[in-house]
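Okay, so here's the structure we're looking at.
Residue numbers begin at 1 in each chain, while the letters A, B, ... track the order of the sequences.
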There are 2 protein chains.
Amino acid sequence: MPSPRSADELLRLDNQLCFAVYSTSLAMTKLYQPHLARLRLTYPQYLAMLALWESDGPMVSELGARLSLDSGTLTPLLKRLEATGYVERRRAIDDERRVHIHLTAAGRKLKARAAQVPECLLAASQCSISELTALTRELQALRDRLRAA
Amino acid sequence: MPSPRSADELLRLDNQLCFAVYSTSLAMTKLYQPHLARLRLTYPQYLAMLALWESDGPMVSELGARLSLDSGTLTPLLKRLEATGYVERRRAIDDERRVHIHLTAAGRKLKARAAQVPECLLAASQCSISELTALTRELQALRDRLRAA
DNA sequence: CACGATTTGATTGCACACAATCGAATCGCG
DNA sequence: CGCGATTCGATTGTGTGCAATCAAATCGTG
């Protein structure tokens, strides 16, 4: 007896954790978009800036490890952030393969305005902080298990 | 007093629910990818097939509402599914604006093989069914609140 | 020091994802 | 019936996301 559930139950869209994650991620992006547009950022660009505000000057590969994005995604994204004026891409002198990403003055200054974004969305979500924190931890745990699998 | 938290805490990447959702979604996609490649499906194509196995013959807009994707995404995706031979796009005779999406015999036949995918990933996730079900419901609730906001 | 292996960012090609716009078809109100 | 409003899918342009590949630079072992 292979499975206790029917194929229909197993394949029902509303039973899929993967679709719940996927559609929540799309809904999240749409909610952030108008707020981020005022900062001249896309959603993945915003995540990159969050990482840089925490730790300035990483190599592209280090930033990629933090965001789990590869160079094929990050290279054009970072070039656009550079074009907007928020970061600078500097090749290391001791190892010319490396490119380090540094915040510009405008990029550092943006942090204050960006702090209003999570505050604003916190209010919009209609959830308590503890609720959101708990869900965040659950998802991080799931993500880490998926990566290990 | 605007906020009880500092800007640093508020902007920390690991405190962001949005990043937890985003990175979990990417990890999920990567885990599914090799399984779906054997079925000649991408991850969003798989979600579209799940919707069609539940309810065959919807309009493009109906399918879009189910998946929360618009025609700019679905039109090329469905053309690729048609090229693979899993669906057929038929313009309605009574209203020629409408395009209905129908499973082909190959598309219907695929369902049996696809049923192995969630079974396989269920095992890989190292989670109990009840755990996954609870998280799925929580995310659906969050998603619906985000859409309403 | 030499040379194969590795690391690193860049590039290319394919597939979403969505905003904006379009044109055709239909609807609905007067 | 007529005509403006609406609905519907398609198209275009921008921006990810990733696999595969590349070239340059560095590392490591002998």
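- An OP1 or OP2 oxygen of dA15(C) is reached within less than 4.0 angstrom by no side-chain nitrogen or oxygen of Q45(B).
- Side-chain atoms of R91(B) lie closest to dA10(D) of the nucleotides dA10(D), dC18(C), dG17(D).
- Comparing L26(A) and M59(A) along DNA chain C, the residue whose closest nucleotide (by nearest heavy atom) sits nearer the 5' end is M59(A).
- Picking from dA25(D), dG9(D), dA17(C) the nucleotide with the shortest atom distance to the side chain of V99(B) gives dG9(D).
- Two residues, K30(B) and G72(B), neighbour DNA chain D, and the one matched to the more 5' nucleotide by heavy-atom proximity is G72(B).
- Between the C1' atom of dA10(D) and the CD atom of E82(B) lies a distance of 14 Å, rounded to the nearest Å.
- OP1 or OP2 of dC16(C) lies within a sub-4.0 Å distance of a side-chain N or O belonging to R80(B).
- For the pair L63(B) CG and dC16(C) P, the computed distance is 13 Å after rounding to whole Å.
- At least one side-chain heavy atom of V60(A) sits under 4.5 Å from a side-chain heavy atom of I101(A).
- Under 3.5 Å, the side chains of T84(A) and R40(A) contain no donor-acceptor pair of N or O atoms.
- If E96(B) and Q33(A) are placed on DNA chain C by their nearest nucleotide, the residue sitting closer to the 5' end is Q33(A).
- Going from atom NE2 of H100(B) over to atom P of dC8(D) covers 10 Å, rounded to whole Å.
- At the phosphate of dT11(D), OP1 or OP2 sits under 4.0 Å from a side-chain N or O atom of K79(B).
- Rounded to whole angstrom, the span from the CG atom of L31(B) across to the P atom of dA19(D) amounts to 13 Å.
- Taking the side chain as every heavy atom from C-beta outward, L135(A) and L135(B) approach each other to under 4.5 Å.
- Note on L74(A): nothing from the nucleic acid sits closer than 4.0 angstrom, heavy atoms only.
- Close to dT7(C), at under 4.0 Å from its OP1 or OP2, lies no side-chain N or O of S61(A).
- Base contact: T73(A) has a heavy atom under 4.0 Å from a base atom.
- Following chains of ILVMFWY side-chain contacts shorter than 4.5 Å, one can reach L39(B) starting from M28(B), so the two form part of one hydrophobic cluster.
- For the pair K79(A) and E82(A), the salt-bridge criterion is not met [side-chain N within less than 4.0 Å of a carboxylate O].
- Remark: Y22(A) is in phosphate contact with dA17(C), judged by side-chain N or O atoms under 4.0 Å from OP1 or OP2.
- Heavy-atom nearest nucleotides on DNA chain D were determined for R98(A) and for P76(A), and the one closer to the 5' end corresponds to P76(A).
- The separation between D70(B) atom CG and dT21(C) atom C1' is 13 Å, rounded to whole Å.
- The OH atom of Y32(B) sits 17 Å away from the P atom of dC16(C) (whole-angstrom rounding).
- The side chain of T75(A) sits closest to dT11(C) out of dT11(D), dT11(C), dA25(D).
- Taking side-chain N and O atoms only, R89(B) has a distance below 4.0 Å to OP1 or OP2 of dA10(D).
- When rounded to the nearest whole Å, the span between CG of L81(A) and C1' of dT16(D) equals 12 Å.
- Checked by distance alone, S71(A) brings a side-chain donor or acceptor within 3.5 Å of a matching partner on the base of dA10(C).
- Among dG9(D), dA25(D), dC18(C), the nucleotide with an atom closest to any side-chain atom of D95(A) is dA25(D).
- To the nearest angstrom, P of dA19(D) lies 12 Å from CG of L69(A).
- Residue R97(A) has no polar side-chain atom (N or O) positioned under 4.0 Å from OP1 or OP2 of dC27(D).
- Aromatic ring pairs are classed by plane angle as parallel below 30°, tilted from 30° to 60° and perpendicular above 60°; the pair Y32(B) and Y46(B) is tilted.
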